[in-house]
Structures are given as C-alpha cells and as structure tokens.
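Residue numbers begin at 1 in each chain, while the letters A, B, ... track the order of the sequences.
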Amino acid sequence: MKGFLHNKKALAGLSIIVFFGLVALLAPLLDPYNPNDFNFMPWLGPSSAHWLGTTGQGQDELSWLLYSARDSMLIALSTAGVISVVQLLFGIFSGYTGGLTDGVLSTVTNVFLVLPGLPLLIVIDAYLPNKGTVTTVFILTITGWAWGARVLRSQAISLRDRPFMEAARMSGERRWRIVLFNVVPNMFGVLAANFFGAAVYAVLTEAGLLFLGVINVNTISWGSMLYWAQAGSAMLENKWLPMLLPGVCILLLGTGFGLLNFAVDEVADPRLRRG
Amino acid sequence: MKKSRLLAVVTSSAALSLGLAAGPALAADRAPAVRHGGILHVVMPWNNIPDNFNPLNPGTNGATAGGTGSALYEPLMYDNVVTGKFTPMLATNYAWTNGGTKLTVGIRQGVRWSDGKPFSARDVAFTFNYLKKYPALDLNGDWKTPLTSVRATNDSTVVFTYSKADSVVLPFIMGQLIVPQHLWAKLTDPTTFTNLHPVGTGPFVLKSWSPTQVAYGKNPNYWMQGRPYVNGLTMTAVKSNQTAQLLMMNGEAAYTYDAITDPVHTYVAAHPAWNKFWWPVTGLNVLYMNTQSGPFSDLTLRKAIAMTINEDVVAQRAYYGAIPSSSGVGQTGVVPGQQAQWVPKSVASMAPTNDPAGALKLLESNGYKLEGGSLAGPNGQALPTFKILVGSGWTDFISIAQTIGQQLQAIGIHSTIDQEPWSTYYGSAQNGQYDLLVCWSNGNNATPYYEYYYLLSSAESAKPGAAVNTNYGRFSNNYIDGLLSSYAATTKFAQQKAAMVAIEKTMLTQVPAIPLTGRPNFFDYSTRYFTGWPSASNPYNAGEAPDAFNGGAEQIYLNVHLK
Amino acid sequence: MRYIIRRVLLLLLTGWAALTINFALPRLMPGSPIQVMAAKYTGRLTPSALAAIAQALGLKNKQNVFVQYWTYLGHTLTGNFGYSLSEYPTKVSTLLAQNLPWTLGLVGFATVVAFVLGTFIGAVAAWRRGSLFDSIVVPTGMMLAAMPSFWISTMAIYFLSYKLGWFPLFGGSSSGSLTSVAGLGSILSHAALPAMVLAVISLGGFMLVMRNTTVSVMSDDYVKFARAKGLRNFTVASRYAARNATLPVVTNFALALGTVVAGTIFVEYVFSYPGIANLLYIAVTSEDYPLMQAIFLVIVLAVLLANFVADMLYVVLDPRIRVGGRA
Amino acid sequence: MVSTLGAPGVPAEAEAGQVPALEVVGLTKTYSVGKVGKPKIVRALTDVDLCVARKEIVGLVGESGSGKSTFARTVALLEQPTSGTVKVEGVAVPSRPGSADLRAHRRRVQMIFQDPYTSLDPLHKIRYAVGRPLESLAGLPRALRRGRMEQVLGQVGLVPPADFLNRYPYQLSGGQRQRVGIARALAAEPTLLLADEPTSMLDVSIRLNIMNLLLDLRESQSLSMLFVTHDLAGASYMSDRMAIMYAGHLVELGPSAEVMGQPRHPYTQLLRQAAPDPASQFGRDTTFEARGDPPDLTDLPPGCPFAARCPHVREDCRTGLPTWRQVAGGHQVRCVLYGT
C-alpha cells in the first residue's frame, strides 16, 4: 500500500478519480441549473448565464456535463464491482477447484472471448425489457468478465499449489475458510488491477452504447450528451464544445482508471517495479 | 380489411377533373426557356443499394432499389396526397360504371418499353393478374378488396370488375407500377427475381450499379416528348442522415429525403439562396393512450392531459419549428392542408387552448386530487409513474416524450421514457403494452377518411391481449364506426363532410388520442444548379422520397431542369 | 502433439458453442423483422404491404426449432446464409463479399501500423525505463487506450474533414468505378482518416503490453547476463529482450481482434464506411437475422483462427510446450 | 504383532506390547494421469509398512521422486491413501475421513514443510499462522491462546515471542520462518511430527540449528518424528532408525548406526558412497553416482525396482519382488543377496 502511494501513476490516477468522484457527489451543489430542465432556448452560445451554452434540447450544457460524472462513476464502479465478483467466483471455482468444473468454465470463457462483444451487447440489450442502470451493468458484465477471469483462474491455479495452502489444511482450517482467508486475499492484487481495467471498459463501452443510442439516452451522462450533440447536428450548428467536452471527460476518467490499473500491476508484479 | 364501402364516383370531385383536363401536371411548361442537360445527383441515407430493380418486389427499401419506382417503372396515375389530384401517367382517364362495380381505365397509346417493344393495355392487365397469382407481390392489397377480375378489352382499355362497390381503392389501383408482359411472363419465381436488366416505361434507363451508387441515363424511347430535361440521374447511398445532409449542404447533391434536425439553422443557413426544404404535412404524430383499460379509459384524465400538453412547445423542441404543431384546431386530427376543406367554422370555434390550470380544476371536480405534487385518482390512490414508449434512436420522438413528460408534471403526472428497439416498440404498440405511446398516424391521404379509419375504427382495434393493426389506442365506438361507414356509403361531398365533422367533434370531446404535431414528407432540395422543384406554391407532387413507389419522385425528375 | 490435438479440439468446441449461441440469440430477440420494417416506414406502408412482405420473406412458415438448427448448421457449413432481410432479396453472401474487403483493408492497415509502431515505441520505452521518454509513453499509451473511438472519429471528421476539408466526409470512395486509377486514389483518400483513427486507438494497447512484457523479460537472468557480458545495448535489446517479449504480444494480438472489431464498428459507423462492422450494426438494429448470424460467424471464425495460429506459433517458438501442456 | 520378518517396520519396543506412535501397514498410493480413455497409473508408493515408536525418530531417506514425501503427505492425510492402513497411537484412520476425523487426526499428527518461504501465507502475521491451529484443532479458548502462542514460539527459540507475533513472514529470515513453521506444527500439541525435508531450503549454517531444535523438542515435548530427507548423513544424525526408500518401495530398514556403518542393500550402499564422512558431511547436498535413471513409476518392472541400476543384479531379481531378510538385530533388507 505504501509502495502504491509512492507510485506516480497511482497518484495521478487516484487524483483524477477523486476529482470526478467529488464532482459526482457535489453535482447538485455545483450545477447552476437542473440538467433535466429543458426550458432554455436551444443551442445558445456560451454566456454568463450559461457558461458552456445550451443543448439542442434546451438544457444547460455545464449542468449536464457536471451531473454526468454521477452516471459514469456509478456505472464504472458498480460494473467493475460486479465483474470482479464474477471473476473472483470464476477464479475460485475454475482455478482453485479444478477438475470438470474447470473444464466447463474454461470453455465458457473461451467462447465469450471470441464472441464479438459490442454486437453481443446490442443484441442482449434489445432482449432486456427494462433499460435502467441495472440492465446496463448486467450487459456490461456479461460481455466484460471473460478477459480478467482467465488471469484470475491462472492466479488461483498457482495459489492452489502453494505450500501455505497445505499448511492451512494441516492447521485444521475448513475449506471455505481457506478460500476466504488464504485464496481470496492472495488474489487481491490481480483482482484490484482487473477492477480498474473493468472500470475503463465500463466507462468506454457505456458511453459508446449511449452514443449509438442503444441504451437509454435520457440518462444524464457524457455518452448521451454526445448522442444528443450528434443527433442535434451540433457539428452543423458549429457547436463543438458539446462534442469536445464530454469526450475529454470520458477520456480523463478512463485514463484515471487505466493509470490505477497499471500502477496496481506494477506494485503487484515485482518485475515491473522500478529499481 | 373488412370494410363496407359503397360506390364513390370520384370524377365528381372538381379537383380531380381539373387534374385530368390539364394532362400531366407539368408546371414548368410555362417557363419561357428550359435548359436541357445536366446530371441530377440524389443522395439518400440508405445502407446499400441492392443490385435488384424489381418493381414488384417488396424488399425493404420501400419496395425497390433506389429509383426503380420513380425512374424506371411507371404507375397508371400519380395520386398527389397534398392536392388530391391524379396525374395521368400510363393511363389517360377512367370511369366508374355499373353502380361502382366496374372501373374502366383508358391506357395511353404510343408508349414503348425501353427495349423498344410496344406497351399496351395487355401489359396492365397482365401486371394485375400477376399480383393475383403471386400474393407476396401485392403490396397494395388490391386483391384483398372486392376486386374479381382485370381484363384488357383492347389495346387501350382495361376493365376492373368488383363484386361490390368500393370507392377507396382508386389510389391503390392507380399507383400500381406496370411491368412488361413479354419479359415477366417467363419468370418462374418473381418473389426472389433480381431484375438486373430492367426494362420499363420510365424516363430513365439503368447505366451502372454499385452498392453505393446507381447511375441512370435518358430513356430514348420515353413517351413524353422533350422529357426529362436532365440527361441523367445518380443516386448515392451514404448510410447516415448526417452525411446526406452534409452533401446537400455542400451542393454535391440536389435532392434528398431526410428529416434534417433544425433545417433552418443548419442546412438552409449554409447557403440560404440555394438550400431549401418543403415538408408538406401528410400525417400526424399522435400521443396514444390505451382507452380500453387502465387509468386512461377515464375521459377526464385524457381530457386533462390534452389540456396540459402544449403542442406548440412540443413541435418546437422536436422539430425546431420546421413542422407545424397540432394545437388548436389541429386537435381534430385533420392535417393543416385539409382543414380549409374539411373543418367548418363550427368545429374551429371549439378548438381547445392550452390550459394546465383548467385541467387541474377539471380533474379535481371529478374526484382527482393533487397531493404533494402527485395526482391521486378518484379512488384515492396515487397514479403510478407512467412510461412513455418511444423507439430508440428516434430523436424527435424522444424529444416529444421528454417535453410531454415535463409538461405533465404540472398536473402531478409523473413519467419516464421507455426507449425500445424498433421491433419491441412497434410490437408493444400493437399489443397495447404501454402507458403512453408516441407514434405516427396511418393512412396519409388527401382526405381525413383514412386517417380516422386507421386511428379510430373498431375494425383496426382488437380485444385486450390481441394485437391491433393500427388503432393503437384501441378506441372503439359504434358511433364512429357508423360515421366511417356513412362516409364510404355516399359520394356526395356534403354528406362525406358531415361524417368527418362529426368525427372531428368526437376527437375534441372524447379525446381518443391526442394529435401532437404534423408528420410531413421530408423533401429537401437545392436550387444551386437545378430549378423546377415542387413547393408549397407549386405542389405538383407531395414531396415524396426518391424510393417512393407511387411515381411521386418521377414528377420531380420530369420537371427539374438546369437553371 | 497432444498439445496440438487439445488445441484443435478446443477450437472445434468453441466454434460449435459460438455457432449455437449465434443460432439462439436472434431467436431470443423480441419482435419480428416485420415490426422493424413497419416501424422503419413510420406509417408509409399499408398493413397489406406488410403482410405481402412477410409472406415474401418467408417469415410466415414456422418450423420446428430443432429442424431450424439442423438446417442452420448445414447451411453454415456450406456457406449458404440465405437472403438478407434488410436488403432483400440480396443474398447474405453477396453483402459479405461487398463489405468484407473494405473492413479487411481498413483494419489490416490500421492494425499493422499500430502493431509495428506500438511494439517499437513500447520496446524503446522499456529499454529506456524511467527516462523522460518512458514517463511520456506510459500515460500517453494509457490515454490512447482510454480514447472513445466514436468520439475521436467525430472530432476528426468535424475538424479535419468538415472544417479544414483535408479528407472526404464519408464513405469508402466517391467514384463508381473502383478499379480505375482515380477509383483507387479515391479509395485511399477515403480510407486515410478512419484508418488513422483506428491506428491511433489501437496503438496504446500495443505500446503498453510491449513495454511491460519487455520490462519483465529484461529482468530475466539471461538478459541480465547478456548485458553483463558486455554485449552492445542494441544487440541485447533486439536479439534477446524484444524477441522474447514479442511472443506474448503476438498472442495478445490474436485475442485482441475481437476488441478491434468493436472499435471498428464505431469508426465505420461514424465515417459511414461501407465495411462489415457497419453492416453488422445495421443488421443488429434492423434485426436482420441471417445477415447478423453470418457476420457474427465471420468474426468468430477470424478470432478463433487467429488464436489457433497464435497457439501454433507458440509451439514453434516455445519448445517447452511441445513436451508438456500449459497450465 | 507377528514375527519381525513378516512385519519389518516394527521396532523392538512394539514387540514388547507398547502401542507405537505410528503404524503403517501396506500403504499404497497410485495416481491416474493422462488422457481420458487411456489413463496411466503412477505407483508412487507400493505396499509400505513402517512403524514409529513413541519418542522415536525415524529417518526416511530416498532420492527425489522416490515417494518419501508422498509417504509423509499420505500419513498426514493431505493425500488419500489408495490402500493400506495408517494407525496413530493404535487408532486407525478411517478410510474415508470426514472433516471431524481429519481434525482429530491433525490434532495428533502434524507436518513441517520443506520450503519456509512458501509455506507461510505472506498476507498473514505470524500470530495467524500459529494461532489458527489453536482455535480450529485444539479448540483453545480465546483468552488462553496468546499465552500458548508465546509459549510455543519460545519453545522454537523465537524470543521474545511477543515481538514475533505481530510480524509478517517477509520480515523474518529463512531460519526464523522455519521455526515459525515448526511452532505452527507444535501449536496443537501433536504426538507425531512429520518433517518433510525441513532443512533442505535453508543455508547450511542454519541447518544444524534446526535439526538440534527438533532433537530438543523430541525430548521436551515427548514427540515422535518421521524425518524425511534425501540426505543420508543428516538422517543418521537425526534418527534412531533409518528407512531407505526407492521407487515407492522400502528397501532397507534398521538402526541408524547399522545402516550407516553397514549398508546392505546395493542402493543404500550407493547412497552411502556419496556421503563418505557422516560426522562432517551432513548438511551438504549429496549426489548420487548411479548407473541409469530411477525407474518410470508408471511402468514398474515386476521384480526388484532397483534391478535396472543394480551392479549385482541377478536373474531372479527381475522376476519377483524380494522378501524382507533379517541381517542383524532390527536390521532388515529386501535383497536377494542376503540369505533368507
């Protein structure tokens, strides 16, 4: 942990995440207007009343931009959380348990790895009746868990053969306790790196799905901001701020999670550590 | 389509006889100097252009590959839904006799197919009988009407015989594209036939094809002397609306059919002198409520919602003022172009005004209560949060839903927007699985009849749980059904109008559905190189799309010419 | 040998599972293509026209699902994908043939550029670990990897094509004839911007993976030893470190193909490019089952084969695997 | 108990009617490996009999792959025996032990692992390693645990014990870690200790310390011990008796001085040559000069497993497994060179 905080990439990533986290928490206080308020003239330019102007729908751009941090943080953290749990369970059941379970689960992973994720997302989304955050997290999880699961599986396999697992058995530990207190904590480094990797995936993919108009574009989020900018022909209205800024925010948040992923990797893998 | 329709002698319509007398409505005839030449570039947001020019094939691009129905093949007459006029094409005249059960159509002489073979009434009869043989090709459902036979009595006459009178089939008969008997009689499977070397009577012939572009050249055998003015036509598929728009803005194409977002400030603003659009309203966007069961079966609630929604704001938000709203007299469901003829002053004076406060009073006097910002029903229970169903990706409908949702909060009705992929959206609409639905109306025509028929007729509704065809609100009322029948039962304009007026009043008093905005044809054009376009002042067509298969776009190809 | 047999079996098993999912997914989708079409024509098609279309598309005769599955497997093996619903009556195979070359060209070019440039930059960064160059490369790679492809595409079109007019606005070419010199020039000028965007967004991943694997390899004893022996930096870097680090990068690349397709969907969508990824998006949104299945299949097979080739490459390059198996 | 020839593992005390700490009879362990449909059987242990008397240390010696570790792990029930019986203090271990049986077994039998660097969970403090057996095996009330932890750490020479309780494994040296490993094994007060090459991963200078610690513990805690090693000299220093294992078979068994001084089995002689001076050589890795490789355990020849490498090999060696022969008091060998 100490090494982690001395890592520059970790610090930079953490600062970005904390920044967006604060914006997300304080959005109702920071927002000059309610982002759902459509009562302004559409496509106003930047002014003292609307620092970034208004959308084609007549909403205040700045309020939308700030409030959107909530959606992205929520999606990123909850998707990454669910994906981590799935990957962890997978790692334990496939890697630690081994045997036939492992064979079946490994094949499932391989199938998910070769299926093209984005189209699969769109198809599954079309099948689901309710288009809320839960749905989004669900479909992002379905298509996003397989990559990290492989890593966790091999981590679990290598843990399974470590002597301290046998030492724990000799100490009379029950199986579930070994899993909980010896296996899981030792997977934590990989798990954390995967968590941040999944967060990058979630942020980018959700924004992409919103941009394509596949999931609920009434969400106040950066992806839907881009969707509406595109749909409202912001380009032809010569309004480039509403196209530029949400993208920059997505990019920054993604980079923040990416840096954390990288840093955790570096700290967890001594070969990548400096000096 | 079990409708009882009685004889309707359409020739009694003054408008129609005018159209016939004038011959092809070629407005540019009067222009002093018409320059010939030039290639007209058309752009469309199609994915691909199929290598198939089969005019009878349903396909999915509105029946045919780009230009098949407008450049290569022709109908008997073009039915202009804006003016109600028929423009003779392969037919020159028609008459109903035998109590409205016999339709005699005069066929134009001197027409040749583009391969040089002569065209005659036998080709027409062949085409209709072909549709009977292959029902999959019968897009207009001609053989689902009381039609019993189609015969060519000689080279210039075709006779349609009906088992009983049906006045409303005429637009469909006249709109049918005609194919050459000498080529099509040999086909074994016309439903999957890919017509790679099309032979038609239209003004153009196919020159080249690629998945993204087709080029057409002048048909040397074309029957109309001196037409078309242009030497050729290209149609380009660009996949996205926005790209089509960009090409139009840059003057790289002169004609497209595209619902441009905020056309005045984007497309027109780029070159105000050239970039024009004419969006004639031919239908409606409607807020449907399930009147069969649930809270919206209560008239009070429907009325209050209608009073609360400000259609002008809705139209402004969704279409940036480019399309008229259905406020005021528009609440009758009669589109603006038809109002002068079909809406009398007595109905116009009943036109409601936007009045959320009045809506609340009406609700409260009927047992509803506004408590803590939420509306409670007469039974004391708060109304649930309603879902407004729209199709995903349709930004205009989503904007409409957003605006309505916000406006309804004034009377304590809360809603969320349910955005579904197209098929789910349409399936839910047909199965009544929605609270509130933003959808189009059906039956664009020159009179309000079909609009009302599809919107309100019991025949288009269904029992709970069963799917409806077009009456998504499931409104069912014997009085309305009677009025619709009486319209079809008479040929007298006064009596037809009386039926329509009664329905208009019902629309205002019973609120079976709430008209929101007009639904136009999205015709966009550029006068940079070409002139002679249709417009509000010269509506020789209804602003149809290049892939329309009723000959609408053909009117444009015949009339535009170099500046 | 045992390893190869196991790989082949895995290939077949995964292929079959993907085929089956491919079969099941569209059948799980709600609604029907007719409803999509009705919605698409927003009231301009009469109910009888819809009925006629349904009949022509063969959507009325319902077969037993197992019969359908059997037919599907047979057709897939013989490459008979039937007719596209959204472009009826064009054959799916025709559409594939029309669209596949565009994507192959675009993705091929972009990936090769990204791979070559990315591994080179990554290797140099690893070698000059902790230098200014390295400290720029890592965050830059991170940002490139977090770049939303649809956004960068839109921005590129807005500024480079629309504002500056340097590149065409859309499509694969502007000329009808693609074989002429002008046609070729048109193809290249149209491909330039989307290919650059694709290359830029895939660059980051290659850079970072190459950097990290090289750093790991460099801490291995034999590289340390080679350096200690006084071999020239360049020799060590190219002979020992880079070569051993490239192996995992190559296998990663094979797996990453699936992800590349996702990025390509956005790029082709925004650029209206006539490729297979855009076609897939269209197929999915218009519920064109046969087309969707065929494209899914093409992608799955491509990824599977790439993985298989990478596995075989492993056998050739890493003798340890020939003996035992991998954990 | 029958004659010494019939039951070679039984030491003299057992014959006197005293219940041995460990009594293993006919222990066999096989693994199935390879493809489905065409499995191969690896015979890791074949029909092994061995007894460890109270307070006795028995050295189990063999080269790597000989099955000596498998023997210890099977006795510890980390592996399921394929057949044979294991009795601890006269109580037979159930053939399909439940978790309660396992805990009862581990209460009495504990194991010291080879590698002190990987046998401690790096994420847990020493307190956890030593404390867990107190809770889950000994069932010691919470209040008493700390005292017992300090006591047992003191016994293995980690002083002051309180300091070590809160350290992480990475803060300890290799020798200290192995002491923690021994403390962990001792915590639940077992009667039998299975030491699986406890010194092989340690620096030579520390090996003797650990061995002496184990010898002291035998005295102070009245422990019996199975000392598994590939180091003949180390085994002779530690053990009362030595058992030589080859390819899953015991080939020679006897008092350490006897086996060391007069090795009888050709294999033992081979080992002995590799470690010339027992007094100075224990602690150094011994290597064997052997003709040929150890046999493939999946394809054991029917006769003496050592036949392929044996300089004195005879025809009858290849046909049947030699029986045990008594060569001196308590010294037995399984070789045809010695008369029945």
Requested in this report: Would you give the length of the straight line joining atom OG1 of A:T255 to atom CE of C:M143, rounded to the nearest 0.5 angstrom?
Outcome: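 Rounded to the nearest 0.5 Å, the OG1-CE separation comes to 5.0 Å.
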
Requested in this report: To the nearest 0.5 Å, tell me how far A:Q230 CD sits from C:Y158 OH.
Outcome: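 If we round to the nearest 0.5 Å, A:Q230:CD and C:Y158:OH are 13.0 Å apart.
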
Query raised in the report: Hey, is CZ on C:F159 packed in by over 12 heavy atoms from elsewhere, all under 6.0 Å?
Result: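 Enclosed: over 12 neighbouring heavy atoms sit under 6.0 Å from CZ of C:F159.
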
Query - Donor-acceptor contact below 3.5 Å, side chain C:W151 vs main chain A:M243 - result: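 Answer holds: yes.
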
Heavy-atom distances under 4.5 Å only: say whether [X] touches chain C with side chain, backbone, both or neither.
X      : value
A:L226 : side chain
A:L244 : both
A:L253 : neither

Query raised in the report: Do you know which of A:G254, A:A207, A:P246 has the most heavy-atom pairs under 4.5 Å to chain C?
Result: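 Counting heavy-atom pairs under 4.5 Å, the top option is A:A207.
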
Report task. Output, in order, the C-alpha distance, side-chain angles, deciding distance and verdict of side chain to side chain contact (heavy atoms under 4.5 Å, CB included) for C:F150 and A:L212. Result -> CA-CA 9 Å; C:F150 52 91; A:L212 291 178; over 6 Å; no

Requested in this report: Can you tell which part of C:M147 gets under 4.5 Å to a heavy atom of chain A, answering side chain, backbone, both or neither?
Outcome: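 Both backbone and side chain of C:M147 come within 4.5 Å of chain A.
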
Query raised in the report: Can you say whether the rings of C:Y269 and A:F211 are parallel (under 30°), tilted (30 to 60°) or perpendicular (over 60°)?
Result: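 Answer is perpendicular, since the angle exceeds 60°.
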
Requested in this report: Look at C:A277, C:A17, C:A146, C:G141 and state which one has the largest set of heavy-atom pairs under 4.5 Å with chain A.
Outcome: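 Most heavy-atom pairs under 4.5 Å with chain A: C:A146.
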
Requested in this report: Write down the atom of C:P148, the atom of A:G247, and the distance for their closest heavy-atom approach.
Outcome: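 So the two residues come closest at CG-O, 4.3 Å.
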
Query raised in the report: Which heavy atom in A:F262 sits nearest to a heavy atom in C:L208, and how many Å separate them?
Result: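 The pair with the smallest heavy-atom distance is CE1-CD2, 3.9 Å.
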
